[in-house]
Amino acid sequence: MTSLQSISSPLIATFSLQDYDLDATLTSGQAFRWRRQDQGWTGVVGRRWVHLRAAVGVLTAEVAEPVPDWQWLRHYLQVDLDLPRVLRTFPDDEPMRRAVTACRGLRLLRQQPWECLASFILSSTKQIVQIQQIITLLCDRYGEPVAVPAGQQPARAFPSPARLGAAREAELRSCKMGFRARYLLETARRVAAGECDLASLGNLPVEGARSELLRLPGVGRKIADCVLLFAYGFQPAFPVDVWVMKALQQLYFPGRRVKLPRLHRFAAEHFAPNAGYAQQYLFHYMRTRPRPGRAALPKPPPQPGETADL
DNA sequence: GCCCAGGTGAAGC
DNA sequence: GCTTCACATGGG
């Protein structure tokens with residue numbers, strides 16, 4: 001938590017920290033480019049290849065080229081965040097206690113807005129594995145190469161809005177993204193043209209930033225909230241996807257069907273002031289907990305007059 | 001074959 | 001104002 005930093009080489013830094021579950025964080029569906037390698041994780045942050053390795057109380061980072069300082073990575077990983085302080089603000093109820101017990105150490109990253117926005121435009125009705133596959137293809141085809149240490153696999157940066165905006169829709173479709181190609185292409189063009197200034201959204205109130213994002217094609221409430229949360233850290237953002245929907249329904253409104261606007265109102269008040277963080281705990285908890293019945297349990301016939309859902 | 005996946009936009013009531 | 005449907009693609 002104090003995260004002192006001792007640099008033993010210009011290419012390696014160690015951060016001392018507590019309550020940081022790197023595996024959970026990098027597999028929790030917020031970032032899609034990290035790969036397990038040598039008991040650690042390899043990825044690209046901005047234009048830098050990075051390898052991360054976690055041990056008890058220490059996180060070690062290695063890069064390919066000397067960096068003047070490590071603030072960019074501290075920021076990305078949010079190593080200076082006091083997580084226990086955030087967890088103490090969670091509502092003291094049974095669902096959150098279970099989620100925190102199961103996922104303690106799960107963190108929110110602070111990603112680059114464009115990569116985050118583009119990634120989540122590609123995420124709709126896709127499983128996390130497939131999102132990773134699409135983004136891998138996209139980076140392989142359009143990303144600029146970045147320096148890697150000797151003996152490592154080549155790596156590329158996430159492609160810029162200008163580069164993707166200049167692509168043909170059919171080319172993008174061949175990256176397996178299907179109908180999302182049109183959305184990605186048009187959004188890339190608008191961002192490249194400066195019609196949406198991602199760099200300034202962080203200075204707006206959350207509602208203003210959200211309505212700017214909602215103007216973009218392929219961006220609805222859920223994807224907007226993902227970007228608000230994962231790229232800008234807006235805590236009132238509370239992305240509701242199918243998993244979080246299930247969590248809220250099962251854990252807070254059992255036996256009743258509650259509509260989305262009401263769930264958003266409930267979430268905003270019930271989970272404040274760190275609703276976004278709470279959402280990530282619920283999401284990861286739902287996805288990783290052992291599921292009863294494993295393979296698609298057959299749905300019991302609905303009771304007359306009741307929506308016996310889930 | 002089926003149903004589902006970190007949804008959105010448009011058409012139909 | 002709802003609710004329903006099409007949209008690509010792959011995993012289980």
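Sequence lines set the chain letters: A, B, ... in the order given, protein chains first and strands last, and positions in each chain run from 1. Given the structure is predicted, the values throughout are model-derived calculations rather than measurements.
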Hey, which of these two, A:Asp241 or A:Tyr183, hits DNA chain B nearer its 5' end, going by closest nucleotide?
A:Asp241
P atoms of C:dA6 and B:dG6, separation to the nearest Å
22 Å
What does A:Lys126 touch in the nucleic acid at a heavy-atom separation under 4.0 angstrom: a base, only the sugar-phosphate, or nothing?
base
How would you label the contact of A:Val219 with the nucleic acid (heavy atoms, under 4.0 Å): base, sugar-phosphate, or nothing?
sugar-phosphate
Run the ring-centre check on A:Tyr142 versus A:Phe158 and record whether the distance is less than 6.0 Å.
no
Between the CG atom in A:Leu83 and the CZ atom in A:Arg88, the distance rounded to the nearest 0.5 Å is 10.0 Å
Over how many whole Å does the gap from A:Leu184 atom CG to B:dG7 atom C1' extend?
15 Å
base_contact_polar (B:dG6 base, A:Gln280 side chain, donor-acceptor, <3.5 Å):
yes
Taking OP1 and OP2 of C:dG11, is either one under 4.0 Å from a side-chain nitrogen or oxygen of A:Lys176?
no
Return yes if the base of B:dT8 and the side-chain atoms of A:Lys222 contain a donor-acceptor N/O pair under 3.5 Å, otherwise no.
no
In whole Å, I'd like the distance from the CD1 atom of A:Ile223 to the P atom of B:dG6.
13 Å
Taking only the side-chain heavy atoms of A:Phe230 (C-beta and beyond), determine which of B:dG6, B:dA5, B:dT8 contains the nearest atom.
B:dG6
Just call it for A:Ser123: base, sugar-phosphate, or nothing, with non-hydrogen atoms closer than 4.0 Å on any strand.
sugar-phosphate
Integer-rounded Å distance: C:dC7 P and A:Ile121 CD1
20 Å
B:dA11 and C:dA8: how far apart are their P atoms, nearest whole angstrom?
15 Å
According to the 5.5 Å centroid and 30° plane-angle thresholds, does A:Phe120 stack upon the nucleobase of B:dG6?
no
Under 4.0 Å between a Lys/Arg side-chain N and an Asp/Glu carboxylate O for A:Asp80 and A:Arg74?
yes
Between P of B:dG6 and CZ of A:Phe238, the distance in whole Å:
17 Å
Without decimals, in angstroms, what is the distance between A:Lys246 NZ and B:dC4 C1'?
8 Å
In whole angstrom, what separates A:Arg215's CZ from B:dG9's P?
13 Å
Hey, are A:Arg190 and A:Glu186 close enough for a salt bridge, meaning a charged N less than 4.0 Å from a carboxylate O?
yes
State whether a side-chain donor-acceptor pair under 3.5 Å links A:Gln152 with A:Gln37.
yes
Checking all strands, does A:Gly29 fall into the base, sugar-phosphate, or nothing category for heavy-atom contacts under 4.0 angstrom?
base
Tell me what A:Leu282 touches on the nucleic acid: a base, only sugar-phosphate, or nothing, going by heavy atoms under 4.0 Å.
nothing
When the nearest nucleotide of DNA chain C is assigned to A:Ser124 and to A:Gln133 on a heavy-atom basis, which residue is associated with the more 5' position?
A:Ser124
Are A:Arg53 and A:Asp38 close enough for a salt bridge, meaning some N to O gap below 4.0 Å?
no
Spacing between A:Ile134 atom CD1 and B:dA5 atom P, to the nearest angstrom
16 Å
How is A:Arg180 classified with respect to the nucleic acid when contacts are heavy atoms under 4.0 Å: base, sugar-phosphate, or nothing?
base
If I take atom CD1 in residue A:Ile128 and atom C1' in nucleotide C:dT9, what distance separates them, rounded to the nearest angstrom?
16 Å
Categorize A:Ser119 for me: base, sugar-phosphate, or nothing, with a 4.0 angstrom heavy-atom threshold over every strand shown.
nothing
